[in-house]
Amino acid sequence: MADDIREIIEKYALQNAVKYRAAPQAGAVMGKLMGERPELRARAKEVSPLVASVLAEVAKTGPEVWERRLAEIAPELLAELGVKKEPDKGLPQLDGAEEGVVMRFAPNPNGPPTIGSARGIIINSEYVRRYGGKFLLRFDDTDPVNKRPMPEAYGWYLEDSEWLGAVPDQVVIASDRLPRYYEVAEELIRRGGAYVCRCDQATFKALKDAARPCPHRGQSVEENLALWREMIEGPLGPGEAVLRVKTEIAHKDPALRDWAAFRIVTADHPRVGESYRVWPLLDFESAVEDHFLSVTHILRGKDLMDSERRQRYLYGHMGWEYPTTIHWGRIKIHQFGSFSTSALRRALEAGEYSGWDDARMPTVRALRRRGIRAEALRKFMIDLGVGETDISISMDSVYAENRKIVDPEARRRFFVKDPFPMEIEGEVPPIARAPFHPTLDRGYREIPAGEKLLVSSDDLLDLKVGASLRLKDLCNIEILSLNPLRARAIGTDPQQAREMKLRIIHWAPPDGVPVRVMRPDGVDSGIGELGIREDLGQVVQFERYGFVRIDSMADDDEVVAYFAHR
C-alpha cells in the first residue's frame with residue numbers, strides 16, 4: 001500500500017484521537033479515508049489491516065503527542081477542531097434590504113488594511129453583491145494627531161479592496177468635506193442641540209460623572225454661534241473649547257452624557273495641511289456621512305454600541321432616520337497579536353518589521369506577498385458570518401481554503417533547508433526526472449544529480465549507519481557513514497522502495513540555487529533546484545516543506561521566497 005495512503009490514515013486517526021482524547025476509532029477513520037480516496041472502497045478488505053496497524057501505533061502515545069504530530073502533518077485538521085464559528089454558517093439575510101442596500105467600510109488610513117479590515121471590506125461588499133446597491137469606501141481621516149493618516153494608505157486600501165474583489169462604487173474622503181460638517185454643526189446649534197463648552201477636561205469629567213450640567217449648557221443660540229466662530233477663526237485655542245451634543249445629563253451611562261463633537265486642533269493634516277483648525281470627532285463625522293451618503297445598513301463591532309447610542313441623539317436633533325445596525329464580535333487569530341494599525345506602525349518604525357508586507361505582519365499586503373489568494377480569504381470571512389460572538393480562529397483555517405486553490409496549480413520543486421553534503425557510491429542517475437505535480441499531468445522537470453548531493457540536516461537527526469532510504473525521484477541508498485555522510489546506491493526502482501518500506505527524503509544538487517524563505521516565524525535558508533528561478537511571482541510547493549511564493553532575486557542571485565503554509 002502506498003505511503004500516501006498511510007499518511008492519510010494517520011492524519012485522520014490523529015484528528016479523531018485529538019477530538020475525543022481517546023484512541024482513534026477505526027470506523028470513523030475508514031469513513032474519512034474513503035471520503036478522500038473513493039477509489040479505495042472496492043479494496044476495503046485490503047485497506048483494513050493497514051488502518052488497524054496505523055491506529056495501533058497512534059494508540060501507543062497520548063494526547064500531547066497526538067496534537068503535536070497532527071500540527072506537523074495536517075495543521076488544517078487540527079484547526080477544524082479549534083475554530084469556534086457562529087451557529088449559522090455564512091451571512092444572514094438583512095432586514096429591509098429587498099430594494100437594495102448602501103453599505104460602507106470606513107477605515108482610518110493610518111496604515112494598510114489588516115486581516116480585520118479585510119473582514120469589513122469583504123462582508124460589506126458581499127451584501128451589496130447579493131442585494132444590489134452601492135458599496136462605499138469612506139476614509140474617516142479627521143484625526144490629524146492621535147491617528148494621523150498616512151498619505152500612502154489611501155492608495156493601499158483601494159488596491160487591496162480591488163484585490164479582495166470589492167471595488168468600491170464610491171470613494172469618500174472625510175478630510176475633503178469639513179465645510180459640510182461645519183454646516184451641520186451650525187444647524188445643530190440653531191436647533192438647540194449643541195453648545196460650546198469651555199470647561200477644561202478634568203472639570204467637565206467631574207460634572208459629567210456627578211450627572212450635573214456644564215455651566216455653559218444654558219447659553220443662548222447666539223452665544224454658542226459666536227463662540228463657534230471663535231473656535232473656527234480664533235482666538236480660542238486647543239483645549240479651550242469643544243462643541244458638545246446635548247443628550248441626557250442624568251443618563252445612567254456617563255459615556256453618553258453630552259459627548260464632544262468638535263475640538264480645536266492646530267496640527268497640520270497630511271492631505272489638507274493647515275486649512276482647518278476645528279476637527280470633528282469620529283462619532284460626529286461618521287454619523288453625518290452615514291446620513292448624507294444614504295447608508296442603509298451599518299456593520300460595526302459590538303464594542304462600538306455606545307457610538308450608535310451617541311449618534312442617535314444627533315439624528316434625533318436633526319430629524320434624521322438612523323440606519324439599520326448589525327453588531328458583530330471581534331475576531332482573534334492565534335498566530336498574530338494585535339490588529340491595531342497604530343501599534344503595528346510603532347513596531348515598524350522601531351525596526352521590528354522590514355515593511356508592511358513583512359511575512360510576520362497581519363496585513364492583507366503580507367498575505368498577498370506570501371501567496372494567499374483573495375478567493376480563499378473571501379470565502380473564509382463569509383463563512384465566519386456576522387454574529388455577536390467573539391471568534392477565535394487559526395490561520396490554518398485560511399490556509400486550508402488556500403490549499404484547495406493553489407494545490408492543483410503549484411509546480412513542485414526541491415528545496416533543502418540547512419543543506420548537508422552527501423557522497424554516494426555506485427550507479428547514481430545523472431539526471432532525475434521528477435513530475436511537476438504528483439497526480440495531474442503537468443509534465444516533468446529534469447534535475448541534475450550525480451554522486452554528490454545535498455540533503456536536509458533535519459533528515460539526519462535520527463539517521464543510523466546501515467539504514468536505507470529513497471532519494472525522491474532518483475534512487476534508493478544505504479547509509480555507510482554519518483560523518484562524513486556517505487551512502488551506497490542500491491537501486492533506482494520505486495517498487496523496491498515500497499517493498500522495503502523506505503523513508504523518502506528529498507535532495508538538491510550542490511550547484512543549485514541558494515534560497516531564503518521568509519516565514520511568519522523566522523527565516524529558513526537552503527539550496528533548491530535551478531528551475532526555481534523560472535517561477536518568479538508564482539506559488540510553488542517545496543516538496544516536504546510547504547507552499548511558497550517565489551518573490552524576487554537578491555543581488556547575489558539568491559532566490560527570496562515567502563512562505564504561505566504547509
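We count residues from 1, following the sequence as given.
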Electrostatic pair Asp358-Arg365, nearest N-O below 4.0 angstrom: no

Within 45° cone of Tyr562 ring axis and under 6.0 Å: Arg549 NZ or CZ: no

How about NZ on Lys472, more than 12 heavy atoms from neighbouring residues, nucleotides or ligands closer than 6.0 Å, or not? yes

Test: Arg130 and Glu126 ion pair at under 4.0 Å: yes

Please verify the inter-ring angle class for Trp259 with Phe284; under 30° counts as parallel, over 60° as perpendicular, anything in between as tilted. tilted

Can a donor-acceptor pair be found, under 3.5 Å and without considering hydrogens, that links the side chain of His437 to the backbone of Asp407? yes

Is Asp268 salt-bridged to Arg148, going by a charged N under 4.0 Å from an acidic O? yes

For residues Thr363 and Arg369, is any side-chain donor paired with an opposing acceptor at under 3.5 Å? no

Within a radius of less than 6.0 Å around CD of Gln170, do more than 12 heavy atoms belonging to other residues, nucleotides or ligands occur? yes

Residue Asp441 excluded, over 12 heavy atoms near CG under 6.0 Å: no

So does Glu388 get a backbone contact from the side chain of Lys302, meaning a donor-acceptor N/O pair under 3.5 Å? yes

Verdict with supporting geometry, Lys32 and Glu36, salt bridge (charged side-chain N to carboxylate O under 4.0 Å, His left out): CA-CA 6 Å; Lys32 291 278 191 178; Glu36 182 168 336; over 6 Å; no

Closer than 4.0 angstrom, basic N to acidic O: yes or no for Arg138 and Glu289? no

Pair His565, Glu76: side-chain N/O donor-acceptor within cut-off below 3.5 Å: no

Does this structure show an ion pair linking Glu534 with Arg413, if we count only N-O contacts that are shorter than 4.0 Å? yes

With the threshold set at 4.0 Å, does a side-chain nitrogen-carboxylate oxygen contact exist between Arg345 and Glu349? yes

Would you mind checking if Glu558 and Arg516 are paired as a salt bridge, meaning a charged N to carboxylate O distance below 4.0 Å? yes

Please check if any side-chain donor atom of Asp141 sits under 3.5 Å from a side-chain acceptor atom of Tyr154, or the reverse. yes

Hey, what do you get for CD (Glu409) to CZ (Arg442), rounding to the nearest 0.5 Å? 8.0 Å

Cation-aromatic face contact Arg370/Tyr399, 6.0 Å, 45 degrees: no

Counting the benzene-type ring for Trp, do Phe563 and Tyr545 have ring centres under 6.0 Å apart? yes

